[in-house]
Amino acid sequence: MAPTPAPTQPRQHYATHDVTNQPPALTPYDASEDTALLEGLRREGAEWAEEGVRRLGLRAGSEEAQEWAELANVHEPVLRTHDRYGNRVDEVDFHPSWHHLMRAAVAEGLAATPWAEDRPGAHVARTAGGLVWGHTEAGHGCPTSMTYAAVPALRTQPELAKIYEPLLTSREYEPALRVPTEKRGLLAGMGMTEKQGGSDVRTNTTTAWPTAEPGMYALRGHKWFTSAPMCDVFLVLAQAPEGLSCFLVPRILPDGSRNSFRIQRLKDKLGNRSNASSEPEFDGTVAWLVGPEGRGVKTIIEMVNCTRLDCVMMSATLMRKTLVEAGHHVRHRSAFGARLVDQPLMRNVLADLALESEAATTLTLRLAGAADRAVRGDAGEAAFRRIATAVGKYWVTKRGPAFTAEALECLGGNGYVEESGMPRHYREAPLLSIWEGSGNVNALDVLRALRREPGTAQALFDELALAQGADARLDAAVVRLEGQLANGSESDARRLVESMALTLQASLLVRHAPSAVADAFCATRLGGDWGHAFGTLPDAVDLDTVLNRALPEGS
């Protein structure tokens, strides 16, 4: 006989496993619920895009999109140098979540679409879209940014632009490598830095020699940091007979064969893990000249200006994302008999972070507006964009790591574990200061612009003059800045650019933000009534107004 089964025991209750005092999941949430962002969108001429930005914000904060972001970073890209038969293929395999993110970003016009839209505010709308879609994850923003930036550089060679621009500005995402002209949409990358020089691209040793076909060259060399190697085409710097020049390198040649683009390895990076960054080797690699020989830096500099704007945008996005995470946590977590959000010192920290976030977002959208108007021929805006983008790139990306660390600390130990997502954001933060010219490179670029392009200084002070007389601390800061410009030296470049950034941010907030926000920013960032860490705002700051604007109930 079979043994008699034991009677079913009632499930034991484990009192020690009760979960209390933990916040609910943040998702789903609306990533576009950001007053400073929406106000800036309207102010900079893209109010027509608000409905789309709001829709994208809901999608960015959805459970599905947030899961894509996590999975794309957990399952990192994998390099396959050869197929099973030993043929060289040099392909990178991505998790499906990466492709979901990319497909959504391209479809939403976050790559090069604005260049094809004859509508004022198109570039502002793209930046606003990035500010909300970036709440997913940052890695896939690299290929979309490079694709956006490639178009103005490619336009220096009209016959190439005629072929490739309609495909780069497409909203279609096709990840498979095929003949570029047979695809519905393309992505572009860039290959500038080499191991011996980094940002000093004039020391590049990759060589280019002309072939029998006009405009076609063969490249030989080794690039040190080329991200998104599965893009369809790349803008690459190499030494031609007349000097450093820019070239278009396709992965697949017009006859369907693979170009020589040997990926030696993928970088094992601190963050940005979802995005493959590679070391490609060129050996007889087919390329087409973009712009005149010997003018490679001048040709590609417009691409750099565009990607620097995106670095500012992505840093501002990271600030906003981590502020939202911190605000959600403290609303639902209690300690010492009160909710964290009701405790004065925590409110001080959050309000300080909120000021920094709003200043970053406001500056980002002002830069996007300048870019949009510069494209349309506004010389004054072009001069302002030239100086202010480099200033913003230096300062906003520099603030990112400290900001993200403080936001993480608002969650305490809960923010230090991978499941919270905060460690991923923290690892991401330093990258944006390093890419597209590290802090020193950007600071020195500001000096270069001031010395070689005198109209840039005038454009900056014209902008600051729009807030003249509205705040005595701002007026005094402008006077100090004039003195710094007159007496500045290379060793003081960081101090000068920091002053420029804070004065510019303050002027924007004085003009466009509520008085409580502008007053707190001027008192602390310009007036010196501040400590050395976030959470040291003076007692006079209207914390309630600052917080209610940054983190409205329900956000």
Side-chain angles (χ1 to χ4, degrees), residues 56 59 64-65 68-69 71-72 75-80 83 87-117 126 129-130 133 136-137 139-151 153-154 160-191 226-236 248-261 263 266 274-278 280 285-288 303 306-307 310:
L56 187 58
R59 190 177 185 190
E64 180 181 56
W68 291 343
L71 292 175
H75 303 282
E76 298 177 16
V78 177
L79 171 63
R80 288 189 298 114
D83 66 14
N87 298 306
R88 189 94 193 199
V89 293
D90 297 290
E91 294 195 5
V92 179
D93 294 331
F94 293 87
H95 189 268
S97 292
W98 166 271
H99 296 298
H100 294 323
L101 291 164
M102 284 295 303
R103 188 169 290 108
V106 173
E108 293 289 346
L110 303 186
T113 301
W115 298 107
E117 295 184 344
R126 174 190 175 270
W133 185 246
T136 55
E137 69 95 42
H140 75 292
C142 178
T144 57
S145 178
M146 292 190 295
T147 302
Y148 169 66
V151 171
L154 197 60
L160 292 177
K162 183 178 179 180
I163 297 170
Y164 291 103
E165 186 173 330
L167 297 169
L168 292 169
T169 58
S170 167
R171 291 177 182 255
E172 297 281 346
Y173 172 65
E174 285 195 44
L177 284 176
R178 299 209 316 273
V179 176
T181 54
E182 295 178 1
K183 298 181 69 173
R184 298 190 304 274
L186 301 179
L187 296 174
M190 56 197 295
T226 298
S227 291
M230 295 311 293
C231 286
D232 301 283
V233 295
F234 293 82
L235 289 177
V236 172
L248 180 75
V249 175
R251 286 296 313 269
I252 305 297
L253 296 173
D255 64 3
S257 63
R258 290 176 181 261
N259 206 356
S260 179
F261 193 101
I263 304 175
L266 299 184
S274 68
N275 175 37
S277 297
S278 69
T285 303
V286 177
W288 280 267
M303 185 175 192
C306 291
T307 51
D310 278 4

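Not measured: the values here are computed from a predicted model. Throughout, residue positions are numbered sequentially from 1 according to the sequence presented. Because only heavy atoms are used, hydrogens play no part in the values below, and waters and symmetry mates are left out as well, while side chains stay in.
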Could you check whether any side-chain heavy atom of [X] comes within less than 4.5 Å of a side-chain heavy atom of [Y], counting everything from C-beta outward?
{"X": "Glu137", "Y": "Ser274", "result": "yes"}
{"X": "Arg126", "Y": "Thr113", "result": "no"}
{"X": "His75", "Y": "Ser97", "result": "no"}

How long is the gap from [atom1] on [X] to [atom2] on [Y], to the nearest 0.5 Å?
{"X": "Phe261", "Y": "Ile252", "atom1": "CZ", "atom2": "CD1", "answer": "11.0 Å"}
{"X": "Leu110", "Y": "Tyr148", "atom1": "CG", "atom2": "OH", "answer": "11.5 Å"}
{"X": "Phe234", "Y": "Thr226", "atom1": "CZ", "atom2": "OG1", "answer": "7.0 Å"}
{"X": "Leu187", "Y": "Thr144", "atom1": "CG", "atom2": "OG1", "answer": "8.5 Å"}
{"X": "Thr136", "Y": "Trp68", "atom1": "OG1", "atom2": "CH2", "answer": "9.5 Å"}
{"X": "Leu266", "Y": "Asn275", "atom1": "CG", "atom2": "CG", "answer": "10.0 Å"}

Say whether, by atom type as modelled, one donor and one acceptor occur between the side chain of [X] and the main chain of [Y] under 3.5 angstrom.
{"X": "Ser278", "Y": "Ser227", "value": "no"}
{"X": "Arg258", "Y": "Val89", "value": "yes"}
{"X": "Ser257", "Y": "Leu253", "value": "no"}
{"X": "Glu172", "Y": "Gly185", "value": "no"}

Query raised in the report: Only one of Arg178, Arg251, Lys183 clears side chain to side chain donor-acceptor pair (under 3.5 Å) with Asp232; which?
Result: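 Of all the options given, the one that passes is Lys183.
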Query - Residue of the set Leu186, Val233, Leu177 for which side chain to side chain contact (heavy atoms under 4.5 Å, CB included) holds with Pro250 - result: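 Testing Pro250 for a side chain to side chain contact (heavy atoms under 4.5 Å, CB included) against Leu186, Val233, Leu177 leaves exactly one candidate, Val233.
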For the residue pair [X] and [Y], what are the closest heavy atoms and their distance?
{"X": "Leu160", "Y": "Trp288", "answer": "CD1-CB, 4.0 Å"}
{"X": "Leu167", "Y": "Pro180", "answer": "CD1-O, 3.5 Å"}
{"X": "Gly256", "Y": "Val179", "answer": "CA-CG2, 3.6 Å"}
{"X": "Met102", "Y": "Tyr173", "answer": "CB-CZ, 3.6 Å"}
{"X": "Gly129", "Y": "Leu56", "answer": "O-CD2, 3.7 Å"}
{"X": "Val106", "Y": "Ala111", "answer": "CG2-CB, 4.5 Å"}

Query raised in the report: Step by step, would you call Arg59 with Trp133 a side-chain contact (heavy atoms from CB on, under 4.5 Å)?
Result: CA-CA 8 Å; Arg59 190 177 185 190; Trp133 185 246; 4.0 Å; yes
Report task. With side-chain contact (heavy atoms from CB on, under 4.5 Å) as the test, would you mind laying out the steps for Val236 and Thr285 before giving the verdict? Result -> CA-CA 11 Å; Val236 172; Thr285 303; over 6 Å; no
Requested in this report: Please assess Leu235 against Leu248 for the test side-chain contact (heavy atoms from CB on, under 4.5 Å), listing each intermediate value before the final yes or no.
Outcome: CA-CA 5 Å; Leu235 289 177; Leu248 180 75; 4.1 Å; yes
Query raised in the report: In terms of ring plane angle, is the pair His99 and Phe94 parallel, tilted or perpendicular, where the classes change at 30° and 60°?
Result: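 Answer is perpendicular, since the angle exceeds 60°.
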